[in-house]
Amino acid sequence: MRRLLCLLMFAPVLSASAMLSGCGSDEGSGEGDATLIPGEAAGSPTAGMHPYQPHFDAAAKEFSVPASLLVAIGYAETQLYHVPGDTSEFDGVPAAYGVMALRGDALAKGASLVGLSEEEVQSEPEANIRAAAALLDAHAEEMGLDRADIGAWAPAVAAYFNHPSLDAQAHFVHDEVYRHLREGIAAPEDSGIDEILAANPEATPKFPKPQFVGKGGPANAVYSGSIWRPAPSSNYTSGRGGKKAELLVIHTCAGTYAGCWGWLTTPYPTNPNKTSAHYVVNESGSEISALVDEVNTAHHVGASWNGLPTNPRSVGIEHGGYPYTSANPWKEGQIAASAKLSCDIVKRQNIIRDRQHIIGHYQPDPVNRANDPGTGFPWADYMNRINTCVDGGGGGGSTTITVDSNNANNNSAVARIVAPSANWTSSTNVSGYYGTGYYAAPTAAISDGATFEFYLAAAGSKQVYAWWTSASDRSTTTPFVMFNASGTNLGSVSKNQQTGGGAWQLLGTYNFTAGWNKVVVSRWTTTGYQVIADAVQIR
């Protein structure tokens with residue numbers, strides 16, 4: 001198996017002959033191993049190789065930086081996702097760009113060092129990786145590091161991370177970058193990549209370790225599965241001003257886990273807006289930091305929700321990483337850990353389990369935080385996980401099943417939508433939709449509905465709710481028809497979809513049977529309008 005970037009696990013890249021020695025390469029030697037000319041295009045990846053491998057190889061040669069270190073930093077920063085730089089979670093922290101998450105002054109300096117424009121470094125993976133290698137080279141030169149010692153590069157890694165929190169620096173160095181070096185990085189299954197990074201058990205950073213942080217926190221006020229990293233008093237408000245925690249707000253950090261909790265625990269005036277959150281979940285879901293006692297008000301949303309201030313009424317959860325999309329989806333471990341945390345909060349705080357009370361940052365602030373937590377956040381699946389975990393307790397009554405118009409967001413064991421006909425169009429044109437979009441179709445006297453199905457283990461009387469987006473072209477008599485698992489029509493109701501959008505609307509209570517029951521959005525009503533099939537919820 002060809003190892004990605006085995007060419008400098010133990011020594012810097014001084015020449016290709018030195019790199020390839022002992023790596024089992026069959027790519028030749030001699031004249032072909034000359035040091036890369038600055039700016040020379042990297043080679044093309046081959047089978048079993050990560051697409052960015054040639055860029056890491058070339059940058060390592062050009063700047064005499066360990067290629068393995070470049071990969072480990074890139075993976076720690078972005079998991080090798082080329083960040084488009086379209087969002088920054090925290091005011092005062094510049095947006096990150098590219099595989100290596102270059103920001104602000106570092107991006108400008110890196111571009112200057114490689115003789116490229118900032119736009120090129122932002123948009124082109126090869127340029128981004130070269131700029132990062134040039135920055136590490138500059139740090140190493142300034143510090144006089146022993147480039148042959150992988151552990152000696154740790155201070156340069158901390159300088160590259162460039163974070164005001166010394167403890168966050170130490171965490172990034174020890175628990176992220178050098179952990180990847182020691183343990184290696186496996187490729188995702190079915191990716192066609194043999195290995196992202198080979199393990200180097202001897203990679204030990206020469207850098208102070210993180211300070212001891214104890215488990216737990218104030219009794220009954222933080223999640224028991226979290227690490228207590230308390231935010232300074234400047235970053236939160238004591239108490240809730242007489243208000244109850246009735247909302248749960250989901251965020252993404254638009255950066256690394258360590259960078260996120262490090263910033264939220266950095267005091268004013270370095271953190272000028274005194275921002276904080278109650279929790280931060282890391283990228284793999286293996287660790288959660290608690291920063292603010294739930295009895296206190298964290299400063300995580302600057303806008304009101306439903307006409308009232310958000311912060312005194314909410315618990316805020318940040319997530320390490322970037323606003324993921326369908327092309328770069330959320331990782332199972334992070335979603336699972338986050339949903340378990342949310343379940344615990346919902347039960348303790350008795351929060352209602354719907355999308356008016358469990359919300360994304362974009363909902364109260366659709367202008368400034370339109371991409372938080374991102375269009376790829378699996379809302380329907382997330383809500384189903386919370387409901388399954390709560391299992392009838394706290395805040396929502398009986399177990400709730402949400403069926404979204406996108407099956408990627410559904411828990412396939414209990415919820416699914418039947419692909420509608422070509423007459424139905426998938427759309428995101430009108431804001432306020434549930435999940436990742438909705439279906440729309442013109443009204444017509446035809447049996448051509450959009451069918452939402454949900455599974456019940458036992459018969460029961462259930463409330464049915466629907467979610468849609470409102471606009472002037474919507475039908476004022478959109479039919480919703482309920483069927484039990486035997487196909488018996490249980491009744492129908494017509495709803496005015498020109499109003500009530502962006503919220504759950506009650507359709508009625510029906511006696512469903514065990515098995516797969518149905519709610520159908522019909523087109524058969526007054527012509528000249530559109531009917532919307534977005535999501536249904538069974539309570």
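Since the structure is predicted, the reported quantities are computational estimates derived from the model, not experimental observations. Values reported hereafter were calculated over all heavy atoms of this structure, with side chains retained and with hydrogens, waters and symmetry mates removed. Along the sequence shown, residues carry numbers from 1.
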*Are any side-chain N or O atoms of Asn371 and backbone N or O atoms of Pro323, one a donor and one an acceptor, separated by less than 3.5 Å?*
no
*Just checking, is any N or O donor in the side chain of Asn387 or Arg353 under 3.5 Å from an acceptor N or O on the other one?*
yes
_Pairwise distance OG(Ser412) to CG(Asn407) - rounded to 0.5 angstrom_ = 8.5 Å
_Whether the side chain of Asn271 engages the backbone of Lys274 through a donor-acceptor N/O pair (distance < 3.5 Å, no angle test) should be reported._
yes
*Do the side-chain N and O atoms of His300 and Ser314 include a donor-acceptor pair separated by under 3.5 angstrom?*
yes
_Closest non-hydrogen atom pair, Glu283 against Gly320_ = CG-O, 3.6 Å
*asked:* Hydrogens and angles aside, do Ser338 and His319 bring a side-chain donor and acceptor to less than 3.5 Å of each other?
replied: yes
*What are the two closest non-hydrogen atoms of Thr436 and Thr375, and how far apart are they?*
CG2-O, 3.0 Å
_Consider side-chain hydrogen bond (donor to acceptor under 3.5 Å, both in side chains). Of Thr237, Asn311, Asn273, Thr275, which one does His299 pass it with?_
Thr237
*Got a sec, which residues hit side chain to side chain contact (heavy atoms under 4.5 Å, CB included) with Ser284, two or more places apart in sequence or on another chain?*
Asn282, Ser286
_Do Tyr279 and Glu294 pair up side chain to side chain, a donor and an acceptor below 3.5 Å, judged on atom types alone?_
yes
*Can you see which heavy atom on Ala337 is nearest to which on Gly285, and at what distance?*
CB-O, 3.4 Å
*Separation between CD1 of Ile288 and CD of Glu318, rounded to the nearest 0.5 Å*: 13.5 Å
_Pair Glu77-Thr256, side-chain donor/acceptor within less than 3.5 Å_ = no
*Report yes if the side chains of Thr425 and Tyr439 come closer than 4.5 Å at any heavy-atom pair, otherwise no.*
no
_Under a plain distance cut-off of 3.5 Å, with no hydrogens placed, do Tyr257 and Glu287 share a side-chain donor-acceptor pair?_
yes
*asked:* If we count only N and O atoms by modelled type, under 3.5 Å, do the side chains of Gln363 and Arg355 hold a donor and an acceptor together?
replied: yes
*Which heavy atom in Ser234 sits nearest to a heavy atom in Pro267, and how many Å separate them?*
OG-CA, 3.7 Å
*Would you please indicate yes or no on a ring centroid separation below 6.0 angstrom for Trp504 and Tyr434?*
yes
*Taking Asn411 for its side chain and Ala413 for its backbone only, find out whether a donor-acceptor pair lies under 3.5 Å.*
yes
*From Met100 atom CE to His82 atom NE2, the distance as rounded to the nearest 0.5 Å*: 12.0 Å
*Donor-acceptor pair, His50 side chain versus Leu197 backbone, under 3.5 Å?*
no
*asked:* For Leu264, is there any backbone N or O sitting under 3.5 Å from a side-chain donor or acceptor partner on Asn235?
replied: yes
*asked:* Quick one, Leu247 and Thr310 - any side-chain contact, counting heavy atoms below 4.5 Å?
replied: yes
*Is it true that a side-chain atom of Asp404 and a backbone atom of Asn409 form a donor plus acceptor pair closer than 3.5 Å?*
no
*Measure the CD1-OG1 distance between Ile532 and Thr469 for me, rounded to the nearest 0.5 Å.*
4.5 Å
*asked:* Please give me the minimum heavy-atom distance between Gly432 and Trp467, naming the atom from each residue.
replied: O-NE1, 2.8 Å
*Got a donor-acceptor contact below 3.5 angstrom from the Ser470 side chain to the Gly501 backbone?*
yes
_Nearest-0.5 Å distance, CG of residue Leu107 to CD of residue Glu119_ = 9.0 Å
*Answer yes when Arg130 and Glu62 have at least one side-chain N-carboxylate O distance shorter than 4.0 Å, and no when they do not.*
yes
_Smallest separation among heavy atoms of Leu291 and Ala277, with atom names_ = CB-O, 3.3 Å
_Check this for me: Gln356, atom CD, are more than 12 non-hydrogen atoms of other residues, nucleotides or ligands nearer than 6.0 Å?_
yes
_His163 and Trp263 aromatic ring geometry - parallel, tilted or perpendicular at 30°/60° bounds_ = perpendicular
*Of all residues at least two apart in sequence or in a different chain, which pass the ring-ring contact (aromatic ring centres under 6.0 Å, His included) check with Tyr382?*
Phe377
*Less than 4.5 Å apart, any side-chain heavy atom of Asp175 and any of Pro210?*
yes
*asked:* Is a donor from one side chain sitting under 3.5 angstrom from an acceptor on the other, for Ser289 and Arg229?
replied: yes
*asked:* Less than 4.0 angstrom from a charged side-chain N to a carboxylate O is my criterion; do Lys61 and Asp57 meet it?
replied: no
*In terms of ring plane angle, is the pair Tyr75 and His180 parallel, tilted or perpendicular, where the classes change at 30° and 60°?*
perpendicular
_With heavy-atom distances below 4.5 Å as the criterion, would you say the side chains of Thr388 and Arg385 are in contact?_
no
*With the side chain counted from C-beta on, respond yes when Leu135 and Leu102 share a heavy-atom pair under 4.5 Å apart, and no when they do not.*
yes
*Under the salt bridge (charged side-chain N to carboxylate O under 4.0 Å, His left out) rule, what pairs show up with a residue in residues 92-115, not counting sequence neighbours?*
none
*Roughly how far, to the nearest 0.5 Å, is the CD1 atom of Ile185 from the CD1 atom of Ile193?*
11.0 Å
*Ser405 side chain to Asp534 main-chain N or O, any donor-acceptor pair under 3.5 Å?*
yes
*asked:* Are there over 12 heavy-atom neighbours, none belonging to Lys340, within less than 6.0 Å of that residue's NZ?
replied: no
*With distance as the sole test, does Thr78 use its side chain to make a donor-acceptor pair with the main-chain N or O of Leu80 at under 3.5 Å?*
yes
_Has His174 got a side-chain atom pairing as donor or acceptor with Pro208's backbone, closer than 3.5 angstrom?_
yes
*State, yes or no, whether a side-chain contact exists between Trp379 and Ile358 at a heavy-atom distance under 4.5 Å.*
yes
